[in-house]
Amino acid sequence: MTSLDEARELLREFPVADGHNDLPWALRQQVRYDLDARDLATDQSAHLHTDLPRLRAGGVGAQFWSVYVRSDLSEPVPATLEQIDCVRQLIARHPADLRAALTAADMEAARGEGRIASLMGAEGGHSIANSLATLRALYALGVRYMTLTHNDNIPWADSATDEPGVGGLSAFGREVVREMNREGMLVDLSHVAPTTMRDALDTTVAPVIFSHSSSRAVCDHPRNIPDDVLERLPANGGVAMVTFVPKFVLQAAVDWTGAADENMREHGFHPLDTTSEAMKVHRAFEDAHPRPVATAATVADHLDHMREAAGIDHIGIGGDYDGTAFTPDGLGDVSGYPNLIAELLSRGWSKPDLAKLTWQNAVRVLGAAEDVARAERSRRGPSNATLAQLDG
């Protein structure tokens, strides 16, 4: 039996619980949520990284669908609700393949049924518009994690890719973390500044996640996790989910991406734009300036280091499919996870360790957040604090 055969066999029992997939935003950009135009039951490889046949081929058993909206939108809350509605429509449209999941028990039930547990994560605290009531409403609608920032600072938290603002978390930002603990919503520290990571870890009483971040020691990009933060995860109980985005995992790709992003801006496109017109600009730049190519081995290098720094109980996978223009060789879409598992098997990773990486750690961390929420709710009621009251 080859390593790839062994990987597929393992994933049949312990499928991938992936922390981050931007399919809803891709559907918004490409077809304004016209799910007939992007029927996930059929091959969508010409347009998307994700469809049901490829999720099945990739051994995916649970997916946190990102309900991301851009931080420069004037009305982020309605746009976030539209993203949530998109996920709900997808689940309703494909009941034989997708199951709505709100809890760790739901994830296990979906696995037992052979369906893909579908959870939601809001990407960026701008989605709550500085309102704890809105945070609670998102939880009531099924959102089970919130990334504290996206690429830009918000009034109460600093982003990894912006200039320092409040120096990490403000007083209101710490109240947001406490309220997320009370609700059972995972605090996601991808995209945030290291100061914000440390402040959140100092504040939270529940495990945190990094839904799609890699190791800064292996690739020095501000979107990655410093070792001192990884080393705090065992005490916290959290999980760092490696991402596949080449510009975050391959050092040579960092400089290339900076030049490619500047080229996009010069042509009037946002660097994260993946529409067909924007991709033509991307491809033309790539033709003139070949991009450094990451591979499954590149991602495995990050996992080797993250396991050493945080421990096997505190790592996972968050590919960021349909949220990136480029992907590593062998991990080109959601069918590629077996290639990563095969690479890790070839490096001597045990099957029990791989089961933790793919499935068990993600289920455990959500269940732990639920346990904390029950305790917190018995201790105190909801917070009605405002940004003005706490931050002045």
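Of the inter-residue distances, the one linking Leu169 atom CG with Arg198 atom CZ reads 12.5 Å to the nearest 0.5 angstrom. Leu366 contributes atom CG, which lies 6.5 Å from atom CE of Met107 (distance to the nearest 0.5 angstrom). To the nearest 0.5 angstrom, Asp162 atom CG is 8.5 Å from Thr149 atom OG1. With rounding to the nearest 0.5 Å, the separation of OG1 in Thr274 from CZ in Phe269 is 11.5 Å. Within the model, atoms CG of Asp301 and CE of Met306 stand 12.5 Å from one another, a figure rounded to the nearest 0.5 Å. Taken from CH2 in Trp256 to CZ in Arg291, the straight-line distance is 6.5 Å, to the nearest 0.5 Å.
The shortest distance between side-chain heavy atoms of Ser159 and His150 does not fall below 4.5 Å. At least one side-chain heavy atom of Gln30 sits under 4.5 Å from a side-chain heavy atom of Leu48. For the pair Arg54 and Gln44, the minimum side-chain heavy-atom distance is below 4.5 Å. Side chains of Leu27 and Leu35 form a contact here, defined as non-hydrogen atoms less than 4.5 Å apart. In this structure, Thr327 and Asp320 have side chains that are not in contact, with every pair of non-hydrogen atoms separated by 4.5 Å or more. Contact check for Trp359 versus Glu13: no side-chain heavy atoms found under the 4.5 Å cut-off. No side-chain heavy atom of Val249 sits under 4.5 Å from any side-chain heavy atom of Cys219. Counting heavy atoms from C-beta outward, Gln83 and Arg88 have side chains that stay 4.5 Å or more apart.
Using a cut-off of 4.0 Å between Lys/Arg side-chain N and Asp/Glu carboxylate O, Arg307 and Asp353 are scored as salt-bridged. A salt bridge is absent between Arg115 and Asp97: the closest approach of a Lys/Arg side-chain nitrogen to an acidic carboxylate oxygen does not fall below 4.0 angstrom. The residues Lys280 and Glu277 are annotated as not salt-bridged, no charged nitrogen and carboxylate oxygen being separated by less than 4.0 angstrom. Ion pairing between a basic and an acidic side chain is recognised when a charged N comes within 4.0 Å of a carboxylate O; Arg136 and Glu183 show no such pairing. Using a cutoff of 4.0 Å between basic side-chain nitrogens and carboxylate oxygens, Asp313 and Arg364 are not scored as salt-bridged. Taking a cutoff of 4.0 Å between a charged side-chain nitrogen and a carboxylate oxygen, Arg232 and Asp202 qualify as a salt bridge.
The backbone N or O of Ala310 lies less than 3.5 Å from no partner atom in the side chain of Glu231, so there is not a single donor-acceptor pair. Formation of a donor-acceptor pair under 3.5 Å by the Glu179 side chain with backbone atoms of Pro382 is not found in this model. Glu175 places no side-chain N or O within 3.5 Å of a backbone atom of Leu390 that could act as its donor or acceptor partner. Checking side-chain atoms of Asp158 against main-chain N and O of Thr196 turns up no donor-acceptor pair under 3.5 Å. Although no hydrogens or angles enter the test, the distance criterion places no donor-acceptor pair under 3.5 Å between the side chain of Arg38 and the main chain of Ala26. When atom types are taken as modelled, the side chain of Asn361 and the backbone of Lys356 share a donor-acceptor pair closer than 3.5 angstrom. Distance alone, capped at 3.5 Å, places no donor-acceptor pair between the Thr257 side chain and the Lys247 backbone. A donor-acceptor contact shorter than 3.5 Å links the side chain of Arg377 to the backbone of Arg182. With hydrogens and angles ignored, the 3.5 Å screen pairs a side-chain donor or acceptor of Asn181 with a backbone N or O of Val205. Asp106 contributes a side-chain N or O that, together with a main-chain N or O of Thr103, makes up a donor-acceptor pair within less than 3.5 Å.
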task = Please lay out, stage by stage, how Arg178 and Arg380 fare under the test side chain to side chain contact (heavy atoms under 4.5 Å, CB included).
result = CA-CA 11 Å; Arg178 286 189 285 266; Arg380 64 181 178 87; 3.8 Å; yes
request  = Before giving the answer on side chain to side chain contact (heavy atoms under 4.5 Å, CB included), spell out for Thr298 and Asp329 the whole-Å C-alpha distance, their side-chain angles and the decisive distance to 0.1 Å.
outcome  = CA-CA 10 Å; Thr298 311; Asp329 278 4; over 6 Å; no
key: Stepwise salt bridge (Lys or Arg N to Asp or Glu O under 4.0 Å) test for Asp188 and Arg144   = CA-CA 10 Å; Asp188 177 21; Arg144 287 300 178 265; over 6 Å; no
request  = Report the C-alpha distance between Arg99 and Ile116 in whole Å, list the side-chain angles of each, state the deciding distance to 0.1 Å, and finish with yes or no for side chain to side chain contact (heavy atoms under 4.5 Å, CB included).
outcome  = CA-CA 6 Å; Arg99 171 181 169 142; Ile116 299 166; over 6 Å; no
ask   = Can you list the steps and then say if Ile341 with Thr358 is a side chain to side chain contact (heavy atoms under 4.5 Å, CB included)?
value = CA-CA 9 Å; Ile341 303 308; Thr358 60; 3.7 Å; yes
inquiry  = Would His305 and Asp227 count as a side-chain hydrogen bond (donor to acceptor under 3.5 Å, both in side chains) here? Give the steps.
reply    = CA-CA 9 Å; His305 183 83; Asp227 273 4; 2.8 Å; yes
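A donor-acceptor contact closer than 3.5 angstrom links the side chains of Asp85 and Gln89. Donor-acceptor pairing under 3.5 Å is lacking for the side chains of Arg216 and His221. For the residue pair Ser71 and Asp152, a side-chain donor N or O sits within less than 3.5 Å of a side-chain acceptor on the partner. A side-chain N or O of Tyr337 and one of Asp18 form a donor-acceptor pair less than 3.5 Å apart. For the 3.5 Å distance criterion, the side chains of Asp391 and Ser170 qualify, holding a donor opposite an acceptor. Between the side chains of Asn224 and Ser213, no donor-acceptor pair is found at a separation under 3.5 Å. With no hydrogens or angles considered, a side-chain donor-acceptor pair links Asp322 and Thr50 at under 3.5 Å. Side chains of His191 and Asn151: a donor-acceptor N/O pair is present below 3.5 angstrom, by distance only. A side-chain donor-acceptor contact under 3.5 Å links Thr2 and Asp5. Between His20 and Asp22, the side chains place a donor N or O and an acceptor N or O closer than 3.5 Å (distance only, hydrogens not considered). Between the side chains of Glu82 and Thr80, no donor-acceptor pair of N or O atoms lies under 3.5 Å. For the residue pair Ser66 / Glu123, a side-chain donor-acceptor distance below 3.5 Å is found, with atom types taken as modelled.
Contact record, Gln251 with Asp220: OE1-N, 2.7 Å, taken as the closest heavy-atom pair. Nearest heavy atoms, Phe64 versus Gly19: CB-O, 3.3 Å.
Linking Ile, Leu, Val, Met, Phe, Trp and Tyr residues whenever their side-chain heavy atoms come within less than 4.5 Å leaves Ile315 and Val245 in two separate clusters. Taking hydrophobic clusters as Ile, Leu, Val, Met, Phe, Trp and Tyr residues chained together by side-chain heavy-atom distances below 4.5 Å, Leu344 shares a cluster with Val16. In this structure, Val143 is not a member of the same hydrophobic cluster as Tyr68, with clusters built from ILVMFWY side-chain heavy atoms closer than 4.5 Å. Grouping the Ile, Leu, Val, Met, Phe, Trp and Tyr side chains by contacts below 4.5 angstrom, directly or via other members, places Met264 apart from Trp25. When the side chains of ILVMFWY residues are joined at heavy-atom separations under 4.5 Å, either directly or via intervening members, Val334 and Val87 end up in a single hydrophobic cluster.
Remark: Arg28 fails to qualify as a cation-pi partner of Tyr33 under the 6.0 Å distance and 45° angle criteria applied to the six-membered ring.
By the neighbour-count criterion of 12 heavy atoms within 6.0 Å, atom CD of Glu266 is densely surrounded, having more than that number from other residues, nucleotides or ligands.
Relative ring orientation between His282 and Phe326 is described as perpendicular, the plane-to-plane angle rising above 60° on a 0-90° scale split at 30° and 60°.
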